[in-house]
Amino acid sequence: MAHEAYELKAEARERVGKGSARNVRRNGKVPAVIYGDKQAPLAIALTYKDVYMKIHGGGFLTTIATIDLDGKKIQVLPKDFQLDPVRDFPMHVDFLRVGKDTVVTVEIPVHFINEEKSPGIKRGGVLNIVRHEVEFTCPANAIPEFITVDLAGTELGDSIHISAVKLPEGVKPTITDRDFTIATIAAPAGLRSEEDEAAAAETAEDKDDDEEEGEEE
């Protein structure tokens with residue numbers, strides 16, 4: 001499942017540079033650049049309100065957009081944006097042109113399901129999330145909104161690795177040299193201390209046995 005594509009109306013910017021960008025912002029617009037797909041970069045200006053709503057609405061960097069530039073439709077994926085550090089206003093956006101074969105690298109959120117079907121969590125275990133997002137390469141026109149980790153059947157001490165996650169077709173983790181951990185089912189603090197005490201008692205018993213054997217010799 002992916003975020004629904006949307007359209008933004010834009011106008012061309014004939015001049016580029018800091019002065020031009022300031023003028024664009026003074027006129028209530030946000031300067032932006034479209035690049036990639038083996039074409040020259042294209043400087044545009046977008047309506048401030050549209051950009052603000054999309055950035056703060058979630059999924060901005062993983063959702064395909066169509067830029068309507070004077071009637072010409074350009075498919076893009078937002079790649080980066082800058083916000084005013086004080087007022088949180090959008091200052092600039094970079095877009096990547098999307099062709100039919102464009103592959104992109106994106107951070108995709110991780111969702112967890114079936115916590116109620118995890119024996120480990122039922123026993124008081126805690127879901128310890130190692131990665132809230134995972135970086136993947138995938139087709140630009142098929143970016144999933146999130147990946148799903150099924151916790152059904154997980155026990156105390158279990159680790160959930162990326163290999164256990166069913167990924168959509170064409171979606172591949174950028175980390176390829178190891179089967180990295182996404183989450184673990186950690187034992188609750190009380191159970192951990194009991195286990196530690198039991199382990200310490202066993203160690204003490206073993207030590208006593210060794211000492212007794214030494215005395216018998």
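Below, each value reflects all heavy atoms present in this structure, side chains not excepted, and no hydrogens, waters or symmetry copies.
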Give the minimum heavy-atom separation between A10 and L46, together with the two atoms involved. CB-CD2, 3.6 Å

Does any non-hydrogen side-chain atom of V110 lie less than 4.5 Å from one of I129? no

For H56, all residues meeting ring-ring contact (aromatic ring centres under 6.0 Å, His included), sequence neighbours excluded: Y52

If two hydrophobic side chains count as joined below 4.5 Å and joins carry through other members, does I34 share a cluster with Y6? yes

Counting only heavy atoms not in E169, do more than 12 fall under 6.0 Å of its CD? no

Cluster overlap I147 with F180, hydrophobic side-chain contacts below 4.5 Å: yes

Main chain of I74, side chain of R97: is a donor-acceptor contact present, judged purely on distance under 3.5 Å? no

Given side chains that start at C-beta, do those of I64 and Q75 come closer than 4.5 Å, heavy atoms only? yes

V126 with F112, same ILVMFWY side-chain cluster at under 4.5 Å: no

From CG (L8) to OG1 (T66), nearest 0.5 Å: 8.5 Å

Does the R25 side chain pair with the main chain of Y48, one donor and one acceptor, at a distance under 3.5 Å? no

Flag yes if V130 and V165 sit in one hydrophobic cluster, no otherwise; membership is Ile, Leu, Val, Met, Phe, Trp, Tyr, and two members link when side-chain heavy atoms are under 4.5 Å apart. no

Would you say that D50 contacts V30 through its side chain, given a criterion of any heavy-atom pair below 4.5 Å between the two side chains? no

Residue pairs passing the salt bridge (Lys or Arg N to Asp or Glu O under 4.0 Å) test with at least one member in residues 28-47, sequence neighbours excluded, are E11-K29

Taking the side chain as C-beta and beyond, is there a heavy-atom pair between K73 and D68 under 4.5 Å? yes

Can you see which heavy atom on C138 is nearest to which on P144, and at what distance? SG-CD, 4.4 Å

Could you measure the distance from the CG atom of L96 to the NZ atom of K79? Nearest 0.5 Å is fine. 6.0 Å

If we only count heavy atoms from C-beta on, is the V134 to I108 side-chain gap below 4.5 Å? no

Would you indicate whether the side-chain heavy atoms of T63 and P78 approach each other to under 4.5 Å? no

Mind checking whether Y35 and V24 sit in one hydrophobic cluster, side chains of I, L, V, M, F, W, Y counted as touching below 4.5 Å? no

Working for side-chain contact (heavy atoms from CB on, under 4.5 Å), residues I162 and R178: CA-CA 9 Å; I162 188 64; R178 64 188 186 278; over 6 Å; no

Closest non-hydrogen atoms of S118 and L151, given as atom of the first, atom of the second and distance, are CB-O, 3.4 Å

Between CD of E135 and CD1 of I175, what distance do you get to the nearest 0.5 Å? 7.5 Å

When rounded to the nearest 0.5 Å, the distance separating CG of D94 from CG of L77 is 11.5 Å

Under 3.5 Å, is there a donor-acceptor pair between the side chain of D84 and the main chain of R87? yes

Beyond-backbone contact of H111 with E145, side-chain heavy atoms, under 4.5 angstrom: no

Please assess L61 against V106 for the test side-chain contact (heavy atoms from CB on, under 4.5 Å), listing each intermediate value before the final yes or no. CA-CA 8 Å; L61 296 178; V106 287; over 6 Å; no

Quick check: closest heavy atoms across E107 and T62, and the distance to 0.1 Å? O-CG2, 3.7 Å

Considering all heavy atoms, the nearest A187-L156 contact: CA-CD2, 3.8 Å

Contact summary for S159 and T184, nearest pair of heavy atoms: OG-CG2, 3.5 Å

How many angstroms lie between atom OG of S163 and atom CD1 of I182, to the nearest 0.5 angstrom? 8.5 Å

Could you pull out all residues at least two apart from H92 that satisfy ring-ring contact (aromatic ring centres under 6.0 Å, His included)? none

Could you state the interatomic distance from CZ (F95) to CZ (F81), rounded to the nearest 0.5 Å? 11.0 Å

